[in-house]
Amino acid sequence: MPELPEVETVCRDLDRMVKGLTICDVKINDPRVIRQDRAAFLKAVGGKKIIAVRRRGKALILDLDGSLLIVQLMMTGQLVVFPLEKKPVLARDARVVFGLSKNTTLVYNDQRLFGRLEVVRALEDHAHVRTLGPEPLGKDFSVERFFLALHARKTPIKPFLLDHRLVAGIGNIYASEILFKAGIRPDRRACDLKKSEVKRLHQAVRSVLAKAVALRGTSMRNYRDGQGQEGKYQKVIKVYGRDGKPCVSCGAMILKKVQSQRSSFFCGKCQQ
DNA sequence: ATTCTGTCCTGTAGGC
DNA sequence: TGCCTACAGGACAGAA
């Protein structure tokens with residue numbers, strides 16, 4: 001699932017729908033998604049008010065009174081809100097159910113159970129969040145910094161884009177889409193990219209992610225927003241999952257290559 | 001230090 | 001209709 005645009009969409013939905021509400025009761029149907037002592041988790045969230053909802057990379061942050069509930073949706077996690085007027089749907093992959101004030105229910109679904117929920121006191125206390133690089137849509141993500149980081153690495157650019165220490169929030173779908181937009185092959189070595197190519201790549205990171213946020217993310221299979229609805233970016237996907245089909249730009253066949261155990265998709269003519 | 005592999009899980013699509 | 005294999009929006013630990 002969820003890469004930056006999907007998490008940002010869920011974040012905005014939650015901020016609009018559950019901000020200011022209090023967590024009245026919590027039902028843990030599968031403790032495997034709770035990455036800390038279960039009793040400690042229940043004590044940390046029970047009776048707490050949700051002050052605000054934020055995002056950092058692919059992590060959702062719910063600001064509670066004096067603590068932070070960090071949610072990593074990983075591959076198949078969903079956070080769906082059922083307000084007063086909507087009857088909650090509890091499918092078999094509903095792993096945690098939060099009963100909130102105003103008769104609102106917040107359901108954490110996760111088919112594959114890779115997701116993680118953890119309460120910490122500060123962002124620096126979270127093992128994953130503390131290692132994140134700059135936000136790609138923020139000011140800290142500059143061409144200069146990006147160029148220096150790429151210049152030092154021999155690894156192929158595509159798997160490197162997935163490294164959250166380089167830049168936070170890019171996942172397997174958008175990595176391929178970004179490289180297509182930039183016209184760069186996924187197997188080029190990061191250090192071999194010319195300054196002009198890094199500039200194009202930097203621009204592509206921003207424009208692809210911004211457009212995906214505007215379209216509320218990509219629903220290939222599991223992803224749903226905070227209201228249980230699909231995103232729309234899959235309608236404008238150029239290469240991801242399109243191997244064997246014609247390139248939307250030149251008509252050549254889209255290719256697939258496995259790198260670091262993940263599939264990459266690209267056009268052998270448009271990307272050099 | 002960096003880079004790659006296997007692992008955590010469940011569900012579904014496609015081949016035979 | 002099955003059965004079997006491959007694969008899926010992520011992140012780690014461990015090994016090379």
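No experiment lies behind these values; they were computed from the predicted model shown. These values consider heavy atoms only, across backbone and side chains, with no hydrogens, waters or symmetry-generated copies. Every chain is numbered from 1 and lettered A, B, ... according to where its sequence line falls, protein lines coming before strand lines.
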Note: contacts of residues 117-138 of chain A with DNA chain B (heavy atom, under 4.0 Å) are none
Run the side-chain donor-acceptor check on residues 238-246 of chain A: report pairs under 3.5 Å with partners two or more places apart or on a different chain.
unit_1	atom_1	unit_2	atom_2	d
Arg242(A)	NH1	Lys238(A)	O	2.9
Arg242(A)	NH1	Pro246(A)	O	3.1
Arg242(A)	NH2	Pro246(A)	O	2.9

Within 6.0 Å of CZ in Arg121(A), more than 12 heavy atoms from elsewhere: no
May I ask you to check whether Tyr174(A) and Glu6(A) show a side-chain donor-acceptor distance below 3.5 Å? yes
Distance alone, cut at 3.5 Å: any donor-acceptor contact between the side chains of Asn172(A) and Lys158(A)? yes
Return a table of donor-acceptor pairs under 3.5 angstrom between the side chains of residues 33-46 of chain A and protein atoms on other chains or two or more places apart.
unit_1	atom_1	unit_2	atom_2	d
Arg35(A)	NE	Arg32(A)	O	3.3
Arg35(A)	NH2	Gly115(A)	O	3.4
Gln36(A)	OE1	Val119(A)	N	2.7
Gln36(A)	NE2	Val119(A)	O	3.4
Asp37(A)	OD2	Ala39(A)	N	3.3
Asp37(A)	OD2	Ala40(A)	N	2.9

What class does the angle between the rings of His128(A) and His126(A) fall in, given that below 30° is parallel, 30 to 60° is tilted and above 60° is perpendicular? perpendicular
Counting only side-chain nitrogens and oxygens, does Ser263(A) get under 4.0 Å of the OP1 or OP2 atom of dA8(C)? yes
Near Lys181(A) NZ, under 6.0 Å, is it more than 12 heavy atoms from other residues, nucleotides or ligands? no
Along nucleotides 7-12 of chain B, 5' to 3', which nucleotides get a B, which get an S, and which get a -, given that the test is a protein heavy-atom distance under 4.0 Å? -BBBS-
Within residues 141-156 of chain A, which residues have any heavy atom lying less than 4.0 Å from an atom of DNA chain B? Arg153(A), Lys154(A), Thr155(A)
Taking Watson-Crick (N1-N3 plus N6-O4 or O6-N4) and G-U wobble (N1-O2, O6-N3), each under 3.5 Å, can you produce the dot-bracket string of DNA chain C? Use [ ] for crossing pairs and | for inter-strand ones. .|||||||.|||||||
Measuring only the P atom in each nucleotide, how far is dG14(C) from dC9(B)? A whole number of Å is fine. 16 Å
